[in-house]
4 protein chains.
Amino acid sequence: MTVSKVAKPRQGRPRSAKVHRAILETALRQVAAVGFRAVSVESIAAEAGVGKPTIYRRWPNKAAVVMDAFLMKLEPGTVFPTKERAIDSLRLQMLSQVKAFRGDFGSLIKALLGEAQFDPEMADAFRERWIMPRRRKLRTVIEEAMRQGDLRKDIDPELAMDMLYAPIYYRLQIRSGPLSESFVNGLLEQARKGLGP
Amino acid sequence: MTVSKVAKPRQGRPRSAKVHRAILETALRQVAAVGFRAVSVESIAAEAGVGKPTIYRRWPNKAAVVMDAFLMKLEPGTVFPTKERAIDSLRLQMLSQVKAFRGDFGSLIKALLGEAQFDPEMADAFRERWIMPRRRKLRTVIEEAMRQGDLRKDIDPELAMDMLYAPIYYRLQIRSGPLSESFVNGLLEQARKGLGP
Amino acid sequence: MTVSKVAKPRQGRPRSAKVHRAILETALRQVAAVGFRAVSVESIAAEAGVGKPTIYRRWPNKAAVVMDAFLMKLEPGTVFPTKERAIDSLRLQMLSQVKAFRGDFGSLIKALLGEAQFDPEMADAFRERWIMPRRRKLRTVIEEAMRQGDLRKDIDPELAMDMLYAPIYYRLQIRSGPLSESFVNGLLEQARKGLGP
Amino acid sequence: MTVSKVAKPRQGRPRSAKVHRAILETALRQVAAVGFRAVSVESIAAEAGVGKPTIYRRWPNKAAVVMDAFLMKLEPGTVFPTKERAIDSLRLQMLSQVKAFRGDFGSLIKALLGEAQFDPEMADAFRERWIMPRRRKLRTVIEEAMRQGDLRKDIDPELAMDMLYAPIYYRLQIRSGPLSESFVNGLLEQARKGLGP
DNA sequence: GGCTAAGCGAGACGGTACGTCTAGTCTTGGG
DNA sequence: CCCAAGACTAGACGTACCGTCTCGCTTAGCC
């Protein structure tokens, strides 16, 4: 699943892969440089040395381009840190995520998630291509931790992920508190111990 | 703290409160009718029978107008449901919030929170005028529940709020699962019991 | 020489001649209907079924559009009435000009000449495309009359034209007297006889 | 005849003459500094330390203010140069006028005359307060020259004035040639000798 | 090797909204 | 009733992008 449109397969001149890459790279560079709002399809086209229709032939709007650029950049770097005990992997993953969220990557996520609130297709793409793959991987980690006895056997992994990860996105967006390591550690500890007596 | 600009206090014709109200009410009506994106400063001005400069004199952009309209509507209706046991008040509050989030109010929150990702002032206003007052009230409820023995005495209330409320915003935005009553109940139960063995 | 901007010659979609005509015709129609001041670029765009930027891509402002519309209308109709004796052609030309100046054409000239007082480019266009072609034609007529013995051989044709035509523009603008036939005849006679004894 | 409105004579606080002067002087200063078009009622009010309604109470629009300012400045300096022979006075007057027209005064006249093409009241004021007084004075000079034998006895003074002065305004506006002394001398000579054989 | 269908860069097109400006009027509080 | 200040409605300004279209030109793949 991508946000980009597909071409009818066999007829006429094929779409240029070079152009495709140039667009996505330019999009990413511009978003990093001036922010999502200040970027326009026009500015991408101009800098990439590409006609506007060439972009619109492939994506329905700016957000979709940036989303694809974001996803393209992700695919390689999707390595989850792993430890012997799954619970440690979990903590490590959370820590690396908040660290990433504190930088440019956080800004990009904010913009895409913000934009997704106005565009269902963007929201779908964001969920299916960024959120869900991570949750699936996370689920195996959590289940492993359950087997290893570090998490209770009767918990609902979906709710567990919500409890642990939603606060990270919440702080990214709302800035109600710092995205610090101690925040992650505190959150994980308190979630394990539980709030009840 | 508001998003609107301030007038120099005592000179010239004072700003009309009637006009102020007309703008905010129109803004809210239009957002409800056609969605945030489809509303423009121009359309608000036209329907409110007001010149555009009158709006720009008071707010820097559309988002700020809608934010203020939203906040204006809030102020009266800020009644938290209360029960004898604080833990029940907490559950009730969470339930009423997800219920509200499932309707127009949820759309509005999504739009404002989405927009806030691109505008720090919007983000500040959203946090200080919508999020924080609720968290302050929530904190007293949580502390009461701690006193009443329904929550452990050594928990961090900030983290507790993050664990319980962030997932609600997360599902509102990402649609990773339903904003149902059973979601709230499960979340609260699992948070109380804890994830650890 | 035109007031309109030039397009880079051979690249991209060429500018539509149909659109060009539609704009100029609409401009002329509106000026005739409601007067120069009451016309706006916006109203022209709206009635011509054209986007505002399409107009601004070609002309820098309303006055330039109207000027070009005026000049466009001129080109075909530039027939000077001619008689056997050049002096009669001269009188005929003056008479037909004051007649035209008494109607809508006079209003248009007034508006353009008025506007030209505030915009050097407008003034240049008005002079080079309306005034000068007429003066060049006029000069040949005057020189012919000199050869035919109806005007003295040692006059300065430039000054002669100023003496005969400036009063027409003067009365058009200042309304110090009527733009009547007897005005033209009296002017021409008195200019021939001279003011001196 | 002025362009300014009159106050109902005896009631309430009388209008301040100081304010009146301040407005006119500011108007003139601004027109000289940045040109007629760039001046607005607002800018005059602001610099003169005066409320906009105070201006609108006295004049209907910017042009009227500037016209009055112009006329106010005139009144003192309306001295016509005089020589023993009326024909010399005439030449002198024409020379001093073209000299004045070459400077800031010419720009002001251009602006007022240009503006008058769009506003009949302006046109009336310009004619009645600037043009006509000069023509009346001029007429006596011309009649004196007729008596003194330097101009023919049977000429029409109105047409004579048009022949001599219209070209000056014409060149001011159209720039078809320089407003030089030789221009004036040539014009006057040729008008005296006549164009005919 | 020529044909043909699509892709390509460029840029014009109809629109929409932006945020600013000025016009001319209205409303304060204070002479 | 005047004044300074400044808010008011109204609407044009000129600009920025949107997403589509139309040029003339590649550039494959298929006959």
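Just so it is clear: chains get the letters A, B, ... in the order the sequence lines come, proteins before strands, and each one is counted from 1.
- With rounding to whole Å, B/Arg21 atom CZ is found 16 Å from F/dA7 atom C1'.
- Where C/Ser43 and A/Lys62 meet DNA chain F, the nucleotide closest to each residue was compared, and C/Ser43 sits on the side nearer the 5' end.
- Between the OH atom of C/Tyr56 and the P atom of E/dG14 there is a distance of 15 Å, rounded to whole Å.
- Note: CD1 (B/Ile55) to P (F/dA10) measures 12 Å, nearest angstrom.
- What separates CG of C/Asn61 from P of F/dT15 is a distance of 11 Å, to the nearest Å.
- Across D/Ala27 and D/Ala69, no two heavy atoms sit closer than the pair CB-CB, 4.4 Å.
- In summary, of the residues considered (D/Trp130, D/Phe126, D/Trp59), a side chain to side chain contact (heavy atoms under 4.5 Å, CB included) with D/Met67 occurs for D/Phe126 alone.
- For DNA chain E, the neighbouring residues in residues 44-54 of chain D, judged by any heavy atom under 4.0 Å, are D/Lys52, D/Pro53.
- Of the side-chain N and O atoms in B/Arg57, none sit less than 4.0 angstrom from OP1 or OP2 of E/dT20.
- No hydrogens or angles were tested; on distance alone, a donor-acceptor pair under 3.5 Å links the side chain of B/Arg13 to the base of E/dC26.
- Residue C/Phe36 contributes atom CZ, which lies 15 Å from atom P of F/dA12 at whole-angstrom precision.
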Practice problem: Apply salt bridge (Lys or Arg N to Asp or Glu O under 4.0 Å) to the pair B/Glu121 and B/Arg129, showing each step before the final yes or no. | Solution: CA-CA 12 Å; B/Glu121 292 199 42; B/Arg129 298 248 287 155; over 6 Å; no
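- Salt bridge annotation for A/Lys73-A/Glu25: absent, with no cationic side-chain nitrogen under 4.0 angstrom from a carboxylate oxygen.
- Atom CZ in B/Arg15 sits roughly 16 Å away from atom C1' in E/dC26 (whole-Å rounding).
- Between A/Lys62 and A/Glu42 there is no salt bridge, since none of the side-chain N atoms of the basic residue sits less than 4.0 Å from a carboxylate O of the acidic one.
- Taking all atoms of both residues into account, the shortest heavy-atom contact from A/Leu28 to A/Leu108 is CD1-CD2, 4.2 Å.
- One can place NZ of B/Lys18 at 14 Å from C1' of F/dA7, the figure rounded to the nearest angstrom.
- Regarding contacts with the backbone of F/dC3, a side-chain N or O of D/Arg58 is found under 4.0 angstrom from either OP1 or OP2.
- The closest donor-acceptor contact from the side chain of C/Glu115 to the backbone of C/Met122 lies at 3.5 Å or more, if one exists at all.
- Remark: D/Lys110 is not positioned above the aromatic ring of C/Phe118, lacking an NZ or CZ atom under 6.0 angstrom from the ring centre and at most 45 degrees off the axis.
- Axis deviation across the helix from E/dG1-F/dC31 to E/dG31-F/dC1 amounts to 20°, comparing end segments of five pairs, rounded to 10 degrees.
- Here E/dA10 presents its P atom at 13 Å from CD of A/Glu42, a figure rounded to the nearest Å.
- Nearest-nucleotide positions on DNA chain F place D/Ala17 closer to the 5' end than the other of B/Val19 and D/Ala17.
- A donor atom on one side chain and an acceptor atom on the other are found under 3.5 Å apart for B/Arg58 and B/His20.
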